[in-house]
Amino acid sequence: MMNTLNTENPIEKPFRKTGDPVDLTSESPLHPRRKSRRIMVGPVPVGGGAPISVQSMTNTLTANVPATLQQIAELTAAGCDIVRVAVPSQDDADALPEICRKSPIPVIADIHFQSKYVFQAIDAGCAAVRVNPGNIRKFDEVGPDICKAATDAGISLRIGVNAGSLDKDLYAKYGGPTPEALVASALKEAHMFEDVGFHDFKISVKHHDVITMVETYRLLASKGDWPLHLGVTEAGPAWQGTIKSCLAFGALLAEGIGDTIRVSLSAPPVEEVKVGCKLLEYMGLRPRKFDIISCPSCGRAQVDVIQLASAVTEGLRDVTAPIRVAVMGCIVNGPGEAREADLGVASGNGKGQIFIKGKVIKTVPEDQIVDTLLTIANDIAAQMEADGQVPVNSTGPVVVPIQHPGH
């Protein structure tokens, strides 16, 4: 099967060839990163010490190009590095050239069952293709042609298995989607590609159970140097899925395992990106951005901390400068915590002490705390922007509870 690049819709900014070196590295403060080989997803390096990238997937009909591009723009603004789009139909495949040409971030085509869509996605200019050999018809026949087409186009592939798509023979052999079964499936797929000389792929071995997922990735990481895409599949609604993903990713990233992540939530895709970016930030794998530190409600609080933190968060939702704002509700630990922030307030006795870089600059009545904080925070943010200190793709505030002794 021959494959040629689509010359009618050229990519305006050609992607680097897979494997090109880049200068960026990202080392965990907790554990040396696992040594993996590097692939490229468009201009985004994955593996080989490159910064861990955040992915998401659109939930629009891919054939609806305006809606899909709008959602990609929203994901990009939230900090997404790579976006995946579903290609279950011919109409979706036909939409790929325009989407790839206009997307501000690399596009991965998500393809199952129909191998012809893989070749169309490559022709369309997709930066990578997610292909599942386990459900592609006659993969033994078309696999080598997919590898050749990907090599000629200089793109990478993602392979791997989910607990729900495990080969029935492996399911029977291991008694279910155990770590050993999932890894055996992944190794089988990897060898399919490597046997024909193709190495530019990453692997995912997703499971909905946190412990099984962590054990599976640990086992797979010990078997080779493939870059690994982390994911807890079918993680659930936003609150549940966030907890699962943070537990699983946190455990693995703390061990240096993982090269790119997707937080899978039953929620708008932008929420997946927000969680993923903040998770990497708190793990020390991305530069610190904007935080709001707030204490939990307790009997010592002399102000409504929940209302105060919510009001400040809402008022600063569009600020992306890397500042830390502390909202404290009592005088026991409040002053100390507030001093550790760029800007903070320690509330009590109907007033609030406002701090900047550890120094009290003023004391204001309780009903002026929010307005005062918002004014000063916006001034600081504006100055940082003017000084070029705001990172690209910075995101808005996230409330970080502080647990004081005695809570």
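Between Arg158 and Ser204, the side chains place a donor N or O and an acceptor N or O closer than 3.5 Å (distance only, hydrogens not considered). Counting only N and O atoms by type, the side chains of Gln114 and Gln90 include no donor and acceptor under 3.5 Å apart. Tyr282 and Asp291 share a side-chain donor-acceptor pair at under 3.5 Å.
Residues Leu220 and Leu187 form a side-chain contact, since some pair of their non-hydrogen atoms from C-beta on lies under 4.5 Å apart. Proximity of Glu272 to Cys80: side-chain heavy atoms (C-beta onward) are nowhere separated by under 4.5 Å. For the pair Ile108 and Gln55, the minimum side-chain heavy-atom distance is below 4.5 Å. A 4.5 Å side-chain heavy-atom check between Asn132 and Ser165 finds at least one atom pair inside the cut-off. The shortest distance between side-chain heavy atoms of Tyr171 and Pro177 falls below 4.5 Å. Residues Leu228 and Thr260 fail the side-chain proximity criterion, which asks for heavy atoms closer than 4.5 Å. Residues Glu194 and Phe201 meet the side-chain proximity criterion, which asks for heavy atoms closer than 4.5 Å.
Annotation: Glu74, atom CD; neighbour count of heavy atoms from other residues, nucleotides and ligands within 6.0 Å is above 12.
Under 4.0 Å is where a charged nitrogen must lie from a carboxylate oxygen, and between Arg218 and Glu215 no such pair does.
Within the structure, every pair that satisfies the ring-ring contact (aromatic ring centres under 6.0 Å, His included) test and touches residues 136-168, not counting sequence neighbours, is listed here: Phe139-Phe193.
When the side-chain hydrogen bond (donor to acceptor under 3.5 Å, both in side chains) test is applied to Gln71, the partners found at least two apart in sequence or on another chain are Asn59. Considering only residues two or more places apart in sequence or on other chains, Asp140 meets the side-chain hydrogen bond (donor to acceptor under 3.5 Å, both in side chains) condition with none of them. Every side-chain contact (heavy atoms from CB on, under 4.5 Å) that Ala248 has, sequence neighbours left out, goes to Val210, Met213, Val214, Val232. In this structure, the side-chain contact (heavy atoms from CB on, under 4.5 Å) partners of Ala238, at least two apart in sequence or on a different chain, are Ala267. The side-chain hydrogen bond (donor to acceptor under 3.5 Å, both in side chains) check on Lys223 picks up nothing, with sequence neighbours excluded.
Checked against Asp225 for a salt bridge (charged side-chain N to carboxylate O under 4.0 Å, His left out), the options Arg37, Lys35, Arg34 give a single hit: Arg37.
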Thr68 and Thr60: side-chain hydrogen bond (donor to acceptor under 3.5 Å, both in side chains), yes or no, with the steps?
-> CA-CA 6 Å; Thr68 300; Thr60 58; 2.8 Å; yes
Step by step, work out the side-chain hydrogen bond (donor to acceptor under 3.5 Å, both in side chains) result for Gln383 and Asp387.
-> CA-CA 6 Å; Gln383 187 61 53; Asp387 294 341; 3.1 Å; yes
Please test Ser89 against Asp92 for side-chain hydrogen bond (donor to acceptor under 3.5 Å, both in side chains), starting from the C-alpha separation and ending with a verdict.
-> CA-CA 5 Å; Ser89 73; Asp92 298 315; 2.7 Å; yes
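The closest donor-acceptor contact from the side chain of Glu189 to the backbone of Gly160 lies under 3.5 Å.
Relative to the ring axis of Phe249, Arg262 does not place its NZ or CZ within 45° and under 6.0 Å from the centre.
Of the inter-residue distances, the one linking Met283 atom CE with Cys246 atom SG reads 9.5 Å to the nearest 0.5 angstrom.
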